Protein chains: 2
Amino acid sequence: MNTITRIGGYETLNSAPASLHADVVTRLRDYLVEGHLLPGARIPERELCERFEISRTPLREALKVVAAEGLIELLPHRGARVRQFTEVDIRNLFEVIAGYDFVAGRLACARITDDGISAIERLHLEMYAAYLRRELTDYFRLNQMIHLAIVDAAANPVLSANYASANAAIRRLRFSANLLNRDRLSDAMREHEGMIDALRRRAGEELGLLMYAHMQTKRDAVCEFMREQADAS
Amino acid sequence: MNTITRIGGYETLNSAPASLHADVVTRLRDYLVEGHLLPGARIPERELCERFEISRTPLREALKVVAAEGLIELLPHRGARVRQFTEVDIRNLFEVIAGYDFVAGRLACARITDDGISAIERLHLEMYAAYLRRELTDYFRLNQMIHLAIVDAAANPVLSANYASANAAIRRLRFSANLLNRDRLSDAMREHEGMIDALRRRAGEELGLLMYAHMQTKRDAVCEFMREQADAS
DNA sequence: GCGTGTATTTTTGCATTCAAAACCGCGGAG
DNA sequence: CTCCGCGGTTTTGAATGCAAAAATACACGC
């Protein structure tokens with residue numbers, strides 16, 4: 001028998017067969033992150049009930065939770081809408097995520113195993129290969145995996161949960177931004193080189209600051225991209 | 001007429017007459033933070049319904065949201081319990097909060113007005129006075145206000161919301177820890193002196209690192225306190 | 001033809017209902 | 001005496017129902 005699946009207490013990351021409620025929250029979040037609904041679109045309660053084969057009550061509970069996470073917004077008597085992130089929203093999110101990366105870098109150096117370092121080095125090499133081949137999908141995926149691996153190495157479930165939540169909001173956006181800012185890739189690669197080096201030396205303070213600066217740079221790149229998009233339209 | 005009260009999108013901090021749902025979430029959170037229920041205690045659904053004069057549906061929606069925040073945990077078919085924070089939980093929370101403080105310090109220096117700095121300096125002096133008089137309640141309250149003021153000065157609603165949420169979990173605990181670790185107060189005061197000085201010079205990088213280190217120190221003090229408490233029982 | 005006021009439909013928010021699972025007290029077996 | 005099992009009660013989780021608000025359709029006046 002599996003262990004009890006606690007909800008709250010940051011245990012929802014378990015892949016255990018969670019309760020219906022937790023399951024619905026996860027499915028709803030994924031559905032949104034995968035971009036089936038356009039930003040600003042009304043969320044069709046009735047339709048999602050049919051899709052998930054549940055009644056309105058559990059769906060509405062999930063909507064409130066996802067709204068609290070910031071993926072959607074609830075307009076009184078007007079239903080739920082897919083959150084429209086402005087440039088300022090994204091900027092704010094990146095600044096918080098940069099803080100998570102800072103903490104992750106510091107703690108990871110203190111807590112990661114040698115095998116953990118090797119694993120991240122391998123990911124880094126793979127990412128470098130993808131960079132050379134200009135395979136942006138792989139590059140992006142590996143990039144994400146490296147950051148996640150460092151966050152996980154910090155061995156702090158609270159950090160991991162918050163990081164995941166904040167990232168959900170910007171995942172899609174970041175990909176498009178990377179796509180259109182190819183020229184930024186070489187800088188990002190250089191920054192990653194430095195990060196891996198600091199990790200290898202377990203220089204926590206240095207890694208933390210590097211990761212923070214790295215995310216601030218990304219923040220600026222993404223925001224610039226958003227402004228271009230906005231101007232174009 | 002008042003503006004629309006958005007929920008999600010981090011607008012819930014507004015003091016606007018929020019929807020019933022947002023209101024219930026706030027009341028429930030406050031009720032928990034104020035410590036009316038002992039950690040580990042079952043949350044009496046029926047009773048809270050009567051207290052808040054609502055039916056079970058909106059209360060249960062609020063329970064899921066507060067569970068996602070980590071204040072309570074939901075045990076399938078066994079109801080909601082007030083979260084029992086272990087020493088490890090608190091340690092993890094403090095590490096994340098330290099990250100928020102780091103970001104807040106950096107951004108505040110870049111964005112705060114001169115008047116804002118003056119206001120914080122005043123709070124600092126008041127806190128110093130409370131420290132000299134050993135008025136711990138005031139000291140603690142002013143301490144919190146200073147940290148909050150710096151976070152607000154960062155002008156990042158995402159940061160503010162996350163900070164508030166993380167702090168809710170440890171507010172009570174931190175107070176008891178301060179109470180019993182009087183000898184740590186002078187160190188804390190010295191650290192605060194340095195922070196105010198860095199803020200005055202708008203030395204963001206320095207302030208960020210000072211605040212991070214300050215919270216790490218607090219983390220250790222609180223965790224030590226928790227271990228003592230645990231050993232004593 | 002276009003804007004406006006009104007009636008109808010739909011959707012939302014909450015209360016209530018209902019089945020199922022957990023709790024509880026008690027009796028019996030080991 | 002302790003442990004297990006069993007029926008009744010309580011509590012939980014989810015579906016449904018219902019009133020109110022919003023969206024929509026539509027007719028009327030300009």
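All figures in this text were calculated on a predicted structure; none of them were measured in a lab. In what follows, chains are A, B, ... by sequence order, proteins preceding strands, each numbered from 1.
Using a 4.5 Å heavy-atom threshold, the side chains of B/M127 and B/Y139 count as touching. By the 4.5 Å heavy-atom criterion applied to side chains, B/V103 and A/V96 are not counted as neighbours.
For A/R42, whose side chain is taken as the heavy atoms from C-beta onward, the closest listed nucleotide among D/dT12, D/dA23, C/dG13 is D/dA23. In the set D/dA15, D/dT12, C/dA15, D/dT12 carries the atom at the smallest distance from any side-chain atom of B/E45. Comparing C/dT16, D/dG13, D/dA14 by their nearest atom to the side chain of B/R60 picks out D/dG13. Residue A/T57 places its side chain closer to D/dT16 than to any other of D/dA21, C/dC14, D/dT16.
The interatomic distance linking B/H21 (NE2) with C/dA15 (C1') rounds to 17 Å, in whole Å. One interatomic measurement links the two molecules: CD of A/E61 to P of D/dT12, which rounds to 13 Å at whole-angstrom precision. To the nearest angstrom, P of C/dC14 lies 15 Å from CD of B/E53. Between B/I54 atom CD1 and C/dG13 atom C1' the separation is 12 Å, expressed in whole Å. For the pair B/L48 CG and D/dT12 C1', the computed distance is 15 Å after rounding to whole Å. With rounding to whole Å, B/L74 atom CG is found 10 Å from D/dA14 atom P. Computed from coordinates, the B/R81 CZ to C/dA22 P distance equals 13 Å when rounded to whole Å. The distance between atom CG of A/L75 and atom P of C/dT11, rounded to the nearest whole Å, is 16 Å.
Residue A/R56 places none of its side-chain N or O atoms closer than 4.0 Å to OP1 or OP2 of D/dA15. In this model, the phosphate group of D/dA20 is not approached by any side-chain N or O of A/R78 to a distance below 4.0 Å at OP1 or OP2.
A donor-acceptor pair shorter than 3.5 Å can be found between the side chains of A/T86 and A/D89. Side-chain contact, A/T217 with A/D220: no donor N or O sits under 3.5 Å from an acceptor N or O.
Not less than 6.0 angstrom separates the ring centroid of A/Y212 from the ring centroid of A/Y100.
Along DNA chain C, the nucleotide closest to A/R46 and the one closest to B/H77 are compared, and the more 5′ of them pairs with A/R46.
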